Amino acid sequence: MDFLTLFLIYLCFVLTSIALLCICSGRKESFLLRSVNSATQVLSFVIPTQLQRVTQRVLHRLFHTRNCLFVVLHMALQAAVYGEYTWEVFVYCWELQFHLLLLLLPYLLLAGNVGCFILCSRTNPGVITKSNHASFVKIYAYDGVLFQKGIVCPTCNMEKPARSKHCSFCSMCIHRFDHHCVWVNNCIGAFNAKYFFLYLLTLSAMAATIATITTAFLIQVVLLSDMMHGSYVDDQGQEHAVEILFLVQHLFLTFPRIVFMLGFVILLTLVLGAYCCFNLYLTLTNQTSNEWYKSRRYGCSHHTTLQPHDRQVVYDNIYSKGVWMNVKEIFKPPTVLERKKKT
């Protein structure tokens with residue numbers, strides 16, 4: 001095996017690792033991350049040391065420091081999808097007399113998505129400093145399980161307020177920390193969680209809308225061509241009725257870029273839709289991704305079931321105040337003044 005082939009195999013593995021690390025962002029002890037580290041150790045026996053060092057520096061730059069790589073990638077993917085939609089799908093659908101408002105809907109969603117993206121990436125998520133530390137400590141109570149009083153952040157040299165976490169990307173503690181999102185190049189905390197939820201919602205809607213319009217266009221093409229009632233001759237000279245697989249192959253050969261884009265946005269719709277539902281669940285139950293992941297170590301309960309004689313710690317979400325109040329807290333984070341008025 002020559003060096004070039006070895007390098008290509010290693011590069012493919014690195015790219016796969018990047019994808020997994022994006023999923024495992026903020027979860028240092030996850031199974032996937034441990035698997036990636038184990039595989040890396042195995043490959044280290046055959047990969048040149050210098051190449052390993054370069055790769056480690058690149059991965060450290062990507063996943064342990066703030067950078068704009070994924071923001072640029074995000075913009076490039078959006079530009080590619082909307083370019084294909086504008087120059088082919090929109091034009092064909094306009095000729096087929098699709099309703100103009102339906103064709104313009106993806107652009108309206110794009111405008112809203114860009115606005116949410118800018119707000120999410122530029123808004124202070126809730127950086128804890130020495131000047132506002134005392135205020136943040138008073139907002140949430142310590143639950144004694146996930147968040148305990150007296151824990152000091154070794155980097156910031158301050159006691160961690162409840163529901164906060166130190167972000168290794170930004171090198172600072174964040175109030176009501178959810179996760180660090182590489183796609184917006186910012187932490188998701190108390191003050192930009194609403195923008196992230198709307199950003200995710202509009203992004204899912206964009207993908208779903210483009211997928212729906214493109215699918216409707218391809219179905220219209222099939223119906224107008226009357227291919228469903230036709231037949232074709234295979235390589236052996238036998239005649240067959242048109243099947244779904246043949247239609248897909250024919251459409252791919254006729255509109256390769258459109259079909260490829262459709263497959264991409266359908267996959268994106270499924271992934272983003274699932275993640276959007278997960279974030280909706282977190283919103284309704286007043287949890288963060290960080291808290292949800294940590295709570296998996298303990299049993300979940302809806303009531304306080306801490307039993308000292310059993311020596312078993314059961315996690316109880318004390319921050320949930322009902323669906324309406326939980327949603328309200330996302331869009332209007334509590335302050336010290338509001339908490340004092342309630343008490």
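In this text, all values refer to a predicted model and were calculated from it rather than measured experimentally.
- Partners of R163 by salt bridge (Lys or Arg N to Asp or Glu O under 4.0 Å), not counting sequence neighbours, listed by chain and number: E291, E329.
- Judged by distance alone, the side chain of S295 and the main-chain N or O of W292 form a donor-acceptor pair under 3.5 Å.
- Without hydrogens or angle criteria, S121 side chain to I118 main chain gives a donor-acceptor distance under 3.5 Å.
- For the atom pair OH (Y142) and CD1 (I151), the distance works out to 9.0 Å, reported to the nearest 0.5 Å.
- When the side-chain hydrogen bond (donor to acceptor under 3.5 Å, both in side chains) test is applied to R122, no partner is found at least two apart in sequence or on another chain.
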Which pairs of donor and acceptor atoms, one on a side chain in residues 257-275, lie under 3.5 Å apart (sequence neighbours left out)?
from	atom 1	to	atom 2	distance (Å)
R257	NE	E84	OE1	3.3
R257	NE	E88	OE2	2.9
R257	NH2	E88	OE2	2.4
T269	OG1	A207	O	3.4
T269	OG1	A208	N	3.3
T269	OG1	V265	O	2.6

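- If you check the side chains of D178 and S289, you find a donor sitting under 3.5 Å from an acceptor.
- For T285, the side chain to side chain contact (heavy atoms under 4.5 Å, CB included) partners are Y281, Q287, not counting sequence neighbours.
- The same ILVMFWY cluster, assembled from side-chain heavy atoms under 4.5 Å apart, contains both I210 and I213.
- Applying the side-chain hydrogen bond (donor to acceptor under 3.5 Å, both in side chains) test to residues at least two apart or on different chains, none of the pairs has a partner in residues 187-197.
- Looking at residues two or more places apart in sequence or on another chain, you find a side-chain hydrogen bond (donor to acceptor under 3.5 Å, both in side chains) between T202 and N113.
- By the 4.5 Å side-chain criterion applied to Ile, Leu, Val, Met, Phe, Trp and Tyr, F177 is assigned to a cluster that also includes V127, M172, I174.
- A search for side-chain hydrogen bond (donor to acceptor under 3.5 Å, both in side chains) contacts involving N132 returns T129, not counting sequence neighbours.
- Listed by first and then second residue, the side-chain hydrogen bond (donor to acceptor under 3.5 Å, both in side chains) pairs involving residues 98-110 are T86-Y107 (not counting sequence neighbours).
- W87 belongs to no hydrophobic cluster with other residues, because no ILVMFWY side-chain heavy atom falls under 4.5 Å from its own, directly or through intermediates.
- Just one residue in the list T288, N290, N286 forms a side-chain hydrogen bond (donor to acceptor under 3.5 Å, both in side chains) with R176, and that residue is N286.
- Qualifying side-chain hydrogen bond (donor to acceptor under 3.5 Å, both in side chains) partners for Y199, counting only residues two or more places apart in sequence or in other chains: H74.
- Grouping Ile, Leu, Val, Met, Phe, Trp and Tyr by side-chain contacts under 4.5 Å, direct or through others, leaves L101 on its own.
- The OH atom of Y85 sits 6.5 Å away from atom CZ of F90, with the distance rounded to the nearest 0.5 Å.
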